[in-house]
There are 2 protein chains.
Amino acid sequence: MKIDPDSTVDLSAQIAKAIRDAIIAGDLIVDQRLPSEAELADHFDVSRPTVREALKRLAAQSLIRTQRGATGGAFVNRLRFEDAYAQQVTTSTLLLSMNAVSFDVACEARYALERACAPLSAARRTPDHLATMRAEIHRQGQPGLTDEAFCASDVTFHRALVDGAGNKVLSYQLAGAVEAMQPLMNMITFTARSREAIVALHTDIADAVEARDAAKIDATLVKLEAYTRELAHSVVTARAQKAAEKEHKTA
Amino acid sequence: MKIDPDSTVDLSAQIAKAIRDAIIAGDLIVDQRLPSEAELADHFDVSRPTVREALKRLAAQSLIRTQRGATGGAFVNRLRFEDAYAQQVTTSTLLLSMNAVSFDVACEARYALERACAPLSAARRTPDHLATMRAEIHRQGQPGLTDEAFCASDVTFHRALVDGAGNKVLSYQLAGAVEAMQPLMNMITFTARSREAIVALHTDIADAVEARDAAKIDATLVKLEAYTRELAHSVVTARAQKAAEKEHKTA
DNA sequence: ATACATTTTAATGTCTGACATTTAATCTGG
DNA sequence: CCAGATTAAATGTCAGACATTAAAATGTAT
């Protein structure tokens with residue numbers, strides 16, 4: 001592991017890269033302890049604060065964890081799916097909000113991915129997954145539910161569908177897509193009638209999952225996608241109209 | 001933005017979280033300059049090194065960039081899909097290697113996601129995407145190609161297929177799945193005969209994409225998945241046999 | 001007045017050395 | 001043999017200094 005002190009790149013970034021590469025290459029294995037900060041500083045011929053900045057970079061990516069005390073130090077972290085979820089969701093959310101990704105594009109991606117799970121979920125879902133879906137459907141029918149709570153329940157429902165596929169990699173990939181859309185979905189005000197329609201489609205999906213009918217799940221997801229986009233469009237239209245009225249009033 | 005100095009959590013982690021939350025909430029917008037390190041240190045009532053560790057954490061997630069000089073400082077970064085790709089691939093690769101995700105599970109996820117793109121790609125692919133696919137097929141037929149180069153070309157081919165769907169979110173999500181599998185794929189030694197079979201299937205896919213025949217793409221991807229898994233199994237079997245022989249020799 | 005060279009300045013990058021805090025291992029007395 | 005005190009080693013934090021960078025301000029000559 002070496003760095004170039006003459007490079008224009010930050011030393012801490014170079015050190016972080018060197019250690020990261022060693023982890024990816026398998027030279028440092030899970031739970032292995034890195035040398036102490038002082039030893040690393042000595043090795044790379046830099047000061048301790050510089051080493052610490054490098055370690056914090058790695059910690060931000062969940063590649064290492066640190067422990068204080070006598071037998072403490074920095075350890076290579078076993079990257080867990082649960083840890084990766086959070087980062088994936090954060091990144092996806094920011095990508096959507098910063099890159100003016102249209103609702104349609106995000107929606108299309110989400111349902112395309114979800115439909116990819118449909119046949120697997122039909123084959124493998126357990127009673128647990130089904131119970132979660134039914135419970136969320138029931139919650140979604142409760143009057144007095146806020147839009148945010150309705151959306152959160154929607155996310156849980158869809159994650160149960162995805163988790164039913166029994167493939168951790170798929171669940172991980174989809175967590176980003178589904179949850180990242182939540183802020184966009186929260187912009188939609190769900191009327192009693194639209195909630196009723198969504199709950200009906202959710203019920204169809206749950207029934208199809210119970211019957212292990214992949215084609216039916218797929219078809220219903222297509223319907224749900226179309227309806228979601230329709231709702232979003234009406235929101236956009238209403239907002240534009242409101243803005244126009246306001247404009248008219250000021251003029 | 002406040003932190004709790006009595007918490008057991010690192011101050012730098014708390015500060016990073018506070019700033020990250022502000023970015024996510026939109027309180028800090030793209031290209032906006034953060035206060036200088038000295039000002040942040042003053043605001044949070046900590047020392048400059050502590051602030052710097054926090055900023056390095058954010059930089060590791062591409063949430064900010066720093067610039068030196070008179071008008072320098074830390075700026076909120078516009079998170080680009082390209083920047084996110086790299087992190088996504090690193091994370092996915094480590095998840096697969098550290099969590100003993102079986103080849104079958106990863107393979108299943110990859111092809112499920114890819115098949116989700118098939119109908120969109122059939123509808124939207126441009127001549128460019130098609131040209132890339134044809135070029136990679138040609139490369140894959142060249143004799144003397146290393147296994148690594150063959151795999152790299154395979155990745156490029158599949159990414160062209162995915163990019164053909166014309167949905168950035170899908171491309172982003174899939175980049176992780178496809179590229180993360182490359183290390184696993186590199187373990188497979190491709191015989192002349194297996195390469196021939198793969199190239200034939202790739203050609204079928206390219207033909208179907210050209211004809212905008214979604215069903216045909218889907219069907220061929222199913223075949224390719226089955227063949228890939230078959231190849232992987234034979235590799236595993238061969239390796240187990242070799243290990244058994246070695247065991248026998250030592251005994 | 002303008003173009004170019006120089007100086008200033010404000011910021012990040014880095015270093016040194018110190019102290020605080022945490023935690024496990026070790027020592028010590030009952 | 002065990003419980004408490006001590007020690008040691010590591011990370012966490014701080015203070016202050018200097019190095020480096022790059023833009024802006026200033027000065028100067030044409």
Side-chain angles (χ1 to χ4, degrees), chain A residues 1-20 23 28 30-77, chain B residues 1-20 23 28 30-77:
Chain A
M1 292 201 296
K2 276 179 185 167
I3 60 172
D4 172 18
D6 297 330
S7 163
T8 58
V9 181
D10 287 4
L11 292 176
S12 67
Q14 291 185 56
I15 294 169
K17 182 178 187 320
I19 297 175
R20 181 164 39 239
I23 293 174
L28 294 168
V30 167
D31 291 335
Q32 186 174 340
R33 203 197 131 201
L34 297 177
S36 72
E37 295 176 352
E39 286 168 328
L40 285 171
D42 202 53
H43 172 74
F44 288 113
D45 203 24
V46 298
S47 68
R48 220 187 113 206
T50 302
V51 167
R52 282 182 61 79
E53 287 178 10
L55 294 180
K56 295 313 163 204
R57 295 177 116 109
L58 298 174
Q61 297 181 299
S62 307
L63 293 182
I64 62 168
R65 63 178 183 279
T66 56
Q67 221 175 351
R68 297 179 70 171
T71 58
F75 297 82
V76 177
N77 215 4
Chain B
M1 289 201 297
K2 278 180 185 168
I3 60 172
D4 172 17
D6 297 330
S7 163
T8 58
V9 181
D10 288 3
L11 293 175
S12 67
Q14 290 184 58
I15 294 169
K17 181 177 188 323
I19 298 175
R20 180 164 41 238
I23 293 174
L28 295 168
V30 167
D31 291 334
Q32 185 175 340
R33 205 199 124 194
L34 297 178
S36 73
E37 294 176 353
E39 286 167 330
L40 285 172
D42 202 52
H43 172 74
F44 288 113
D45 202 24
V46 298
S47 68
R48 223 188 111 206
T50 302
V51 167
R52 283 182 60 78
E53 287 178 9
L55 294 180
K56 294 314 163 202
R57 295 176 115 110
L58 298 174
Q61 298 180 300
S62 305
L63 291 182
I64 62 168
R65 62 179 184 279
T66 56
Q67 219 176 350
R68 297 178 70 169
T71 58
F75 298 83
V76 177
N77 215 4

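Computed from a prediction, not measured in an experiment: that's the story for all the values here. By convention in this document, chain letters (A, B, ...) are assigned in the order of the sequence lines, proteins followed by strands, and residues within each chain are numbered from 1.
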Requested in this report: Output the single nucleotide from C:dG13, D:dC14, D:dT13 whose closest atom is nearest the side chain of B:Val46.
Outcome: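 Side chain of B:Val46 sits closest to D:dC14.
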**Report entry** From C:dC15, C:dT12, D:dC14, nucleotide with atom closest to A:Leu11 side chain
**Finding:**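 Looking only at side-chain atoms, A:Leu11 lies closest to C:dC15.
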Query raised in the report: With sequence neighbours left out, what residues match A:Glu39 under side chain to side chain contact (heavy atoms under 4.5 Å, CB included)?
Result: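 Per chain and number, A:Glu39 pairs via side chain to side chain contact (heavy atoms under 4.5 Å, CB included) with A:Pro35, A:Ser36.
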Query raised in the report: Where the side chain of B:Gln14 meets the backbone of B:Val9, is there a donor-acceptor pair that is under 3.5 Å apart?
Result: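 Present.
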Query raised in the report: Okay, side chain of B:Arg65, backbone of B:Val76: is any donor-acceptor separation there less than 3.5 Å?
Result: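 Between the backbone of B:Val76 and the side chain of B:Arg65 there is a qualifying donor-acceptor contact (under 3.5 Å).
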Between atom [atom1] in [X] and atom [atom2] in [N], what is the gap in whole Å?
{"X": "A:Leu34", "N": "D:dT11", "atom1": "CG", "atom2": "P", "value": "9 Å"}
{"X": "A:Glu37", "N": "D:dG12", "atom1": "CD", "atom2": "P", "value": "6 Å"}
{"X": "B:Phe44", "N": "D:dC14", "atom1": "CZ", "atom2": "P", "value": "13 Å"}
{"X": "A:Arg65", "N": "D:dG12", "atom1": "CZ", "atom2": "P", "value": "13 Å"}
{"X": "B:Asp42", "N": "D:dG16", "atom1": "CG", "atom2": "P", "value": "13 Å"}
{"X": "A:Phe75", "N": "D:dA9", "atom1": "CZ", "atom2": "P", "value": "16 Å"}
{"X": "B:Asp4", "N": "D:dT13", "atom1": "CG", "atom2": "P", "value": "12 Å"}
{"X": "B:Ile64", "N": "C:dA11", "atom1": "CD1", "atom2": "P", "value": "16 Å"}

Has [X] got a side-chain N or O lying under 4.0 Å from the OP1 or OP2 atom of [N]?
{"X": "B:Thr66", "N": "C:dG13", "result": "yes"}
{"X": "A:Ser12", "N": "C:dG13", "result": "no"}
{"X": "B:Arg52", "N": "C:dT12", "result": "no"}

Report task. Could you say whether B:Pro49 or B:Gly72 is positioned toward the 5' end of DNA chain C, judged by the nucleotide with the nearest heavy atom to each? Result ->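 First, find each residue's nearest nucleotide; the 5'-ward one identifies B:Gly72.
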Query raised in the report: So does B:Asp45 have more than 12 non-hydrogen atoms from other groups sitting under 6.0 Å from CG?
Result: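 No, CG of B:Asp45 has 12 or fewer neighbouring heavy atoms, counting only those of other groups under 6.0 Å.
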Please tabulate, one pair per line, all N/O donor-acceptor pairs under 3.5 Å involving side-chain atoms of residues 55-63 of chain A, not counting sequence neighbours.
from, atom 1, to, atom 2, distance (Å)
A:Arg57, NH1, A:Ser12, OG, 2.6
A:Gln61, OE1, A:Arg20, NH1, 2.4
A:Ser62, OG, A:Gln87, OE1, 3.2

Query raised in the report: Does B:Ile64 reach the side chain of B:Leu34, with side-chain heavy atoms less than 4.5 Å apart?
Result: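 The answer is yes; the side chains approach within 4.5 Å.
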Query raised in the report: Do A:Ile15 and A:Val46 come within less than 4.5 Å of each other through their side chains, counting heavy atoms only?
Result: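 Sidechains of A:Val46 and A:Ile15: in contact.
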Query raised in the report: Base, sugar-phosphate, or nothing for A:Arg33, non-hydrogen atoms under 4.0 angstrom?
Result: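 Since only primed, P, OP1 and OP2 atoms lie under 4.0 Å of A:Arg33, the category is sugar-phosphate.
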Query raised in the report: Could you write nucleotides 18-27 of chain D as a row of B, S and -, 5' to 3', where a protein heavy atom under 4.0 Å of any base atom gives B, of only sugar-phosphate atoms gives S, and otherwise -?
Result: --BBBB----
